[in-house]
Amino acid sequence: MKPSSSSLGDGDKSKKESDVDVTTRASNLLVYGSGKGNQQQGSYSKDAISAIILRCSGNSDYFRQQVVKDDKSNERIKEMKSKFEREGGSCLCSSTMQSIDALVDKYRGNRPKESNKIVVDMDSFYYSCALARHKEEGTEPTHQGVHLNQIPVVVGGGMILTSNYEARKYGVRSAMAGFIADQLVTELSNGKVKLLHLKSDHKYYAAKSAQVRSILMEYDPNLKQYSLDEFYLDLTAYLATTTTNDGSVVDVQEVVEKMRARVLAECFLSCSAGIAPSSVLAKICSDWKKPNGQFYLPPGDESVMAFMRELDCRKIPGVGRVTQKFLAAFGIDTCAHLFGKRYDIFKIFKEKTAGFLLRASVGGWGGGEDEDSTASSFGSTGDQGQKGISIERTFSAVWKREDVRNMLEHVCDKLGENMERKGLRGRRITAKVKLASYVVFSRSKTGRMYMNEKEEILKVADELVERVRKEVEARDDLEWKIRLLGVRVDEFEVKGGGGGSIEKFFKKVGEKEGRGGGGEKEGAVEMGDEEEAVEVGDDVEVVEVDDYVEVEDDVEVEDDVEVEDDEEVMLSLSQSQRDGEHDDDWKFAKALQDRYDEEQKQFEQQMNKGREKEKEREERKEAGGGRGKLTDEQLARRLQKEEEMWDRGRRRKEKTVNKAGDAKRQKTILDLMKGK
DNA sequence: GCGGATCAG
DNA sequence: ATGGCTGATCCGC
């Protein structure tokens, strides 16, 4: 498909050419952007859909930014390709190839011998919930006399959350902007059909999800739930302990059929299931017979390899739009291609990604540890494994300090509440700012203190946002108008984990202070003055003592800054206690705290120095390279070209593959082998 | 450690 | 005119 470049006149050539450019790349962007779903019967043509989306998107800020991002990833692909060729293309030491093959053999050998893993995935969950609700309330699931299934319906307004199958025929997908979805339906139906929007009702969905869950629990009490509409089961135990009436072994496929029938009958919700030797394979299979169907992948290498062979890479969980494009650039579309180029991927991608893709190419999941590593505790025990917590909000663009501050305050309030509820404290704060132009910035600061109170978080977040503001205002290509603010806290304190002697010491202090040393999360303890408000007696402040020292180690501290390791800290603690000079534990702790504060300040100064140096370097670069971003980029490109040429010459002289790089890859592969 | 990107649901 | 939110991970620097 080609955009109509012929329709262009001759005038104003340069501008229109760049428009064509954008359009070409943009439509490219759309073709790949269609997502993981299957194309179904009766759908409108992809081209017609793309054309409408393209026209609706027009010159919107959002779309422009998408194109910029797309350009960047294309550039990265180009770099990767040239690097690949520079390093001799598909060429590795035979020993490296042997290692890769050994790894493949291991993955293939380690797959579980039975297909007892089940993934249950609810069909267009939010939409189905709407239908189920009608059933429960005895109302008709119709709109103007027509059953909802017969007309295009979505859940969500500004942003589509779910669409029914009729709407999907018009190219309406989740995560699509509402107004584009409307336009698709209206235009493709020649104005005869209008897209119906239903309101989202998260509470009801959660209730229905719990209902489904309780049924599935009868089959596997340890099932895992990743989201409201996805369940992971292991039926091994169920199959081993269940027999049919005549005493024969039950068939897993029949069990799943019955299970789904029960969900449908009791919850009025249809779902699809995958049955496979591993949960990742089951996840892929659950998509195979959607909606209201199931797919059984028999165990055994032959079966799995045959299934994978045909599989589009994009169906691999973890391979998204961009990765697919990367792979396609190297001629890799299916898992068969992936397997065929298994040696190449270790030269193309970094270790984690390469290992992941190699494993995926043979469906090599389920070899023990990885089956559990995906464990999550959605809706059950809580958030033990949680690594971060965040809130972000979109609003109509603001720019005044006061408005920004208010928005930020709102976000921090919410975050503080959530953290308190979950009993979390973290020492890294990240602020996220999205400009009206959809350009995103994030700035973070790792502190020494574990925080969970809105005021504390707000203070840091505000500094970070101000930093972004200064950076943005210093640039002439950006405008300080923001449409989103977000705050994230991570680097949580380790709770209940051991607790060294320092912690115990502080616990004692805490008890003496009459605040309990347990680590409970009480609200803000009001003290006299800001600096005094440091919660000396709270044991949670303690864990980071060694963390801080570690950080210091990394940062090349000035000579005159004392750096102590854990032991010395402890020593000084007990010494002071023996001294009797600090009869009052609190006083001593306060002194210690002050010193840490001082160190933190030094630490920050150090960081700032680094930042300034970085800036200077940037400025010098700009001064030397002339002015304007374009010139700079051109220069960089030229430099790279030169380097490439030089590199190519050098390689030719060497006449062999890059042994050093190969050795490194060997090591990577060996590490992967050792993995189990 | 930091910041940008990607992915999933 | 209208284009989300939460949490995780990887990579390059």
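Quick note on labels: first sequence line is chain A, next is B, and so on, each numbered from 1. Quick note: numbers below take in every heavy atom, side chains included, and nothing from hydrogens, waters or symmetry partners.
Within the 4.0 angstrom heavy-atom criterion, only backbone atoms of the sugar-phosphate kind lie near A/Asp229; the bases stay farther away. Counting non-hydrogen atoms under 4.0 angstrom, A/Lys414 reaches nothing in the nucleic acid. Residue-level contact check: A/Gln66 touches neither bases nor backbone, having no heavy atom under 4.0 Å from any strand.
Candidate nucleotides C/dT2, C/dC10, B/dA8 were compared by shortest atom distance to the side chain of A/Thr353, and C/dC10 ranks first. For A/Glu392, the listed nucleotide lying nearest its side chain is C/dT6; candidates were C/dT6, B/dG9, B/dC2. When the nucleotides C/dG7, B/dC2, C/dG3 are ranked by their closest atom to the side chain of A/Arg488, C/dG7 comes out on top. Among C/dT6, C/dG3, B/dT6, the nucleotide with an atom closest to any side-chain atom of A/Phe63 is C/dG3. For A/Ser444, counting side-chain heavy atoms from C-beta on, the closest listed nucleotide (C/dG3, B/dA8, B/dG3) is B/dG3. Of the candidates C/dG3, B/dG3, B/dG9, C/dG3 carries the atom nearest the A/Tyr438 side chain, counting heavy atoms from C-beta on.
Computed from coordinates, the A/Arg428 CZ to B/dG1 P distance equals 7 Å when rounded to whole Å. Per the geometry, CD belonging to A/Glu75 stands 16 Å off P belonging to C/dG12, to the nearest Å. Distance NE2 (A/His202) to P (B/dG9): 15 Å, rounded to an integer number of Å. The CD atom of A/Gln65 sits 14 Å away from the P atom of C/dG3 (whole-angstrom rounding). Between the P atom of C/dG4 and the CE atom of A/Met407 lies a distance of 15 Å, rounded to the nearest Å. When the P atom of C/dG3 is taken as reference, atom CD1 of A/Ile53 falls 16 Å away, rounded to whole Å. As a whole-Å value, the separation of A/Phe356 CZ from B/dA8 C1' is 12 Å. Rounded to whole Å, the distance from CG on A/Leu228 to P on B/dA8 is 18 Å.
Taking a 6.0 Å sphere around NE2 of A/His410, one finds it holds 12 or fewer heavy atoms contributed by other residues, nucleotides or ligands.
Under 4.0 angstrom from either OP1 or OP2 of B/dT6 there lies at least one side-chain N or O belonging to A/Arg76. An OP1 or OP2 oxygen of B/dG3 is reached within less than 4.0 angstrom by a side-chain nitrogen or oxygen of A/Arg467. Applying the 4.0 Å criterion to OP1 and OP2 of B/dA8, one finds that A/Tyr226 has every side-chain N and O outside that range. Here A/Ser60 does not reach the OP1 or OP2 of C/dG3: none of its side-chain N or O atoms lies under 4.0 Å away. OP1 or OP2 of B/dC7 sits under 4.0 Å from a side-chain N or O of A/Thr323. Phosphate contact (OP1/OP2 of C/dG3, side-chain N/O of A/Arg483, threshold under 4.0 Å): present. Note on A/Lys422: every side-chain N or O is 4.0 Å or more away from OP1 and OP2 of C/dT6. In this model, the phosphate group of B/dG1 is not approached by any side-chain N or O of A/Thr446 to a distance below 4.0 Å at OP1 or OP2. Residue A/Lys432 has no polar side-chain atom (N or O) positioned under 4.0 Å from OP1 or OP2 of C/dC5. Residue A/Lys387 places at least one side-chain N or O under 4.0 Å from the OP1 or OP2 atom of C/dT9. Look at A/Lys72 and you'll find a side-chain N or O under 4.0 angstrom from OP1 or OP2 of B/dA5. When the side-chain nitrogen and oxygen atoms of A/Arg321 are compared with OP1 and OP2 of B/dA8, none of them lie within a distance under 4.0 Å. Applying the 4.0 Å criterion to OP1 and OP2 of C/dT6, one finds that A/Arg393 has a side-chain N or O inside that range. Distances shown here put every side-chain N or O of A/Ser442 at or beyond 4.0 Å from the OP1 or OP2 atom of B/dG3.
Classified by interplanar angle (parallel below 30°, tilted 30° to 60°, perpendicular above 60°), the ring pair A/Phe326/A/Phe349 is parallel. Taking the six-membered ring where tryptophan is involved, the planes of A/Tyr438 and A/Tyr62 are perpendicular, since the angle between them exceeds 60° and thus also 30°.
Residues A/Lys434 and A/Lys350 both approach DNA chain C. Their nearest nucleotides, taken by heavy-atom distance, put A/Lys434 toward the 5′ side. Checking A/Ser174 against A/Ile389, the closest nucleotide of DNA chain C that is more toward the 5' end is the one next to A/Ser174. A residue-by-residue look at A/Phe441 and A/Glu491 shows that A/Glu491 has its nearest nucleotide of DNA chain B further toward the 5' end.
Taking the side chain as every heavy atom from C-beta outward, A/Leu485 and A/Ile482 approach each other to under 4.5 Å.
Of the charged side-chain nitrogens involved, none lies within less than 4.0 Å of a carboxylate oxygen, so that A/Lys36 and A/Asp287 do not count as a salt-bridged pair. Using a 4.0 Å cut-off between charged nitrogen and carboxylate oxygen, A/Lys434 and A/Glu392 do not count as a salt-bridge pair. Residues A/Glu420 and A/Lys454 are not paired through a salt bridge, judged by the lack of any N-O separation under 4.0 Å between the basic side chain and the carboxylate. Looking at A/Asp201 and A/Lys199, no side-chain N of the basic residue comes within less than 4.0 Å of a carboxylate O on the acidic one, giving no salt bridge.
For the C1' atoms, the distance linking B/dC7 with C/dG4 amounts to 15 Å, nearest Å.
In terms of polar N and O atoms assigned as donor or acceptor, the side chain of A/Thr394 never comes within less than 3.5 Å of the base of C/dG3 in a complementary pairing.
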